[in-house]
Amino acid sequence: MEEKNYILVTGGAGFIGSHTVVELIKNGKTPVIIDDFRNSSREMLNGIEKIVGSELIFHNIDVSNKNDLAAIFTKYSINGIIHFAADKAVGESVNNPLKYYKNNIGGLINCLECALEFNVENFLFSSSCTVYGDPEGSTTVTEESPQQDANSPYGATKQMGERILSDVVKSGVNLKVLNLRYFNPIGAHESGLIGELPIGRPNNLLPYVTQTAIGILEKLTVFGNTYNTPDGTCIRDYIHVVDLADAHVSGLDWLEKQSNSTFEIVNVGTGRGTSVLEIIHTFEKVSGKQLNWEFGVKRIGDVEQIFADVTKAKNLIHWDAKKSMEDAVRDAWNWEQKLRND
Ligand code: UD1
C-alpha cells in the first residue's frame, strides 16, 4: 500500500464532487475519486485535470458494490471520506423509490462499513436542506430547527442517512462525522471547464434558465406567483458551488483536528434568500439577454421560502460563503455557453 494520506471522494465527477476535488487539490490534499458516471461524465474529470494541471486518481466504481469499494481501501491509505455519490431527483425517487433506497442508503452503509473496517476516522456526508421540509412560520433554519417527514423517497434517504451516521457514532466506534446540509447549489467553476450537467430536462432552476437562454428549451415556467413573499415567487438560499466546495475543505480540516468521535451538523448556505424573479433579473443583467419566461401553476411540494442560518458554519468550521449571486449566475452562463460551443 502507498504511504500517503488520501481522501476518498465518492461521486467525485458530479456537480458538487468535481468542484470539491479542485478545491481539495488546491489545498494540498490528494483525492481518490470514484464515480460510475450514472449522472456525470468523464469530461468532468478532463475539466478538473485542466484546472489543476495534474493527473487525477480515478476508479470507475459503483458505491453499492461493497467488494469494489473495499478494494479501494486496500489499495490506498485513506484518511477521510467525502461521500457525495447518491441519486438526487425528487420526482424520479417518487416513481422509483427502491433505486433511491438501494443506492443512497446501501452506498452509505458500504462506505461506513469500509470506514470502520479500514480505520478511517473522518467522514463527511452530503445532506440537504430538504430534511427541514416546510419550515412553516419561520424562514431561516438553524441546525436545531424541527424536521418534518420527508415528502419524497429522496428526502427520506437524506433524513435516514443522517440518522444512520448519528446512530453509528453513538454506538461508540472511532468515527468523526460532519453532516453538511446543502441549500441550493448553483454556478460553475469560473474557468468554464466544469459545471452542472443535467441529464435530460433539468429539474433545478438555474440549468433551466441557462438552457432556455441558449435555446435548448423554449420557455421557463415560474412555478407560482401568489406565495406570501415580496414578489409572490418562492425564495431559496442559492450558494455558489465553489463556496460549497470550500466548505468541504474547511469541514475536513475541522474533522482532522478533532480527537474524539463526534457527529455534527452544519448548514451550508449564504444566509440570504433570493426569489425566482430576482434570479431571472440577475440572469438578464449579467448575460445581456432577455429570457423567455411565464408564470405557471405552483409545483406540488414546493416550500414557500427557506434559507440558512449560517452562524454554526462560521463558528464551528470557520467557513462562510464569499461569492455573490451575480458571480454564480455569470459562471453558470459561461459554463452553459462553453458546453454548447464545444
Ligand atoms: C430541489 C429539491 C430538493 C433538492 C434540491 C437539490 C424539490 C421539491 N426539491 O430543491 O429536495 O435537495 O432541489 O438541488 O424538487 N423553479 C421554477 N421553475 C423551474 C424550476 C424551479 O420556478 O422550472 C423554482 C421552484 O419553484 C423553486 C426554485 O425555482 O422555488 C428552486 O427550485 P429547484 O432548483 O428545483 O430547487 P428546490 O425546489 O429548492
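Computed over heavy atoms, backbone and side chain alike; hydrogens, waters and symmetry mates excluded. As the structure lists them, so they are numbered: ligands from 1, and atoms in each ligand from 1.
Of all the heavy atoms of N184, the ones lying under 4.0 Å from any atom of ligand 1 belong exclusively to the side chain. Contacts of Y154 with ligand 1, taken as heavy-atom pairs under 4.0 Å, involve the side chain alone. At a heavy-atom cutoff of 4.0 Å, ligand 1 is contacted by both the backbone and the side chain of L205.
With salt bridges taken as basic N to acidic carboxylate O contacts below 4.0 Å, none links K26 and D246. Salt-bridge formation is detected for the pair K29/D253: a Lys NZ or Arg NE/NH1/NH2 atom is positioned less than 4.0 Å from an Asp or Glu carboxylate oxygen. Under the 4.0 Å criterion applied to side-chain N and carboxylate O atoms, K66 and D68 are not assigned as salt-bridge partners. At a threshold of 4.0 Å, the pair D87-R38 counts as salt-bridged, since one of the basic side-chain nitrogens sits closer than that to a carboxylate oxygen. Comment: E278 does not engage R272 in a salt bridge, judged by the lack of any side-chain N to carboxylate O separation of less than 4.0 angstrom.
Counting only N and O atoms by type, the side chains of E162 and S127 include a donor and acceptor under 3.5 Å apart. No side-chain N or O of E143 forms a donor-acceptor pair with one of N179 less than 3.5 Å apart.
Using a 4.5 Å cut-off on side-chain heavy atoms (C-beta onward), I194 and H19 make contact.
Scanning the protein heavy atoms around atom 8 (C) of ligand 1, the nearest turns out to be D302 OD1, 3.9 Å. The protein atom (non-hydrogen) at minimum distance from atom 1 (C) of ligand 1 is N204 ND2, 3.9 Å. Looking only at heavy atoms of the protein, atom 7 (C) of ligand 1 is closest to V90 CG2, 3.7 Å. Among protein heavy atoms, the minimum distance from atom 11 (O) of ligand 1 is reached at T130 OG1, 3.2 Å. In this structure, atom 35 (O) of ligand 1 lies nearest to the protein heavy atom R299 NH2, 2.9 Å. Among protein heavy atoms, atom 18 (N) of ligand 1 sits closest to T221 O, 2.8 Å.
Those atoms of ligand 1 that come under 4.0 Å of a heavy atom in C234, given as number and element, are 30 (O). Counting atoms of ligand 1 from 1 in the listed order, those under 4.0 Å from a heavy atom of N203 are 20 (C), 35 (O). Counting atoms of ligand 1 from 1 in the listed order, those under 4.0 Å from a heavy atom of V222 are 22 (O).
Summarising the geometry, atom CD1 belonging to I317 is positioned 8.0 Å from atom CG belonging to L124; distances are rounded to the nearest 0.5 Å.
Of the options R236, R201, R181, K88, the smallest heavy-atom separation from atom 39 (O) of ligand 1 is shown by R236. Nearest to atom 28 (C) of ligand 1 by heavy atom, out of Y238, F223, W293, Y208, is Y238.
Remark: the backbone N or O of Y154 is paired with a side-chain donor or acceptor of T157 at under 3.5 angstrom.
At least one heavy atom of S128 sits less than 4.0 Å from an atom of ligand 1.
Every N/O-N/O distance between L220 and ligand 1 stays at or above 3.5 Å.
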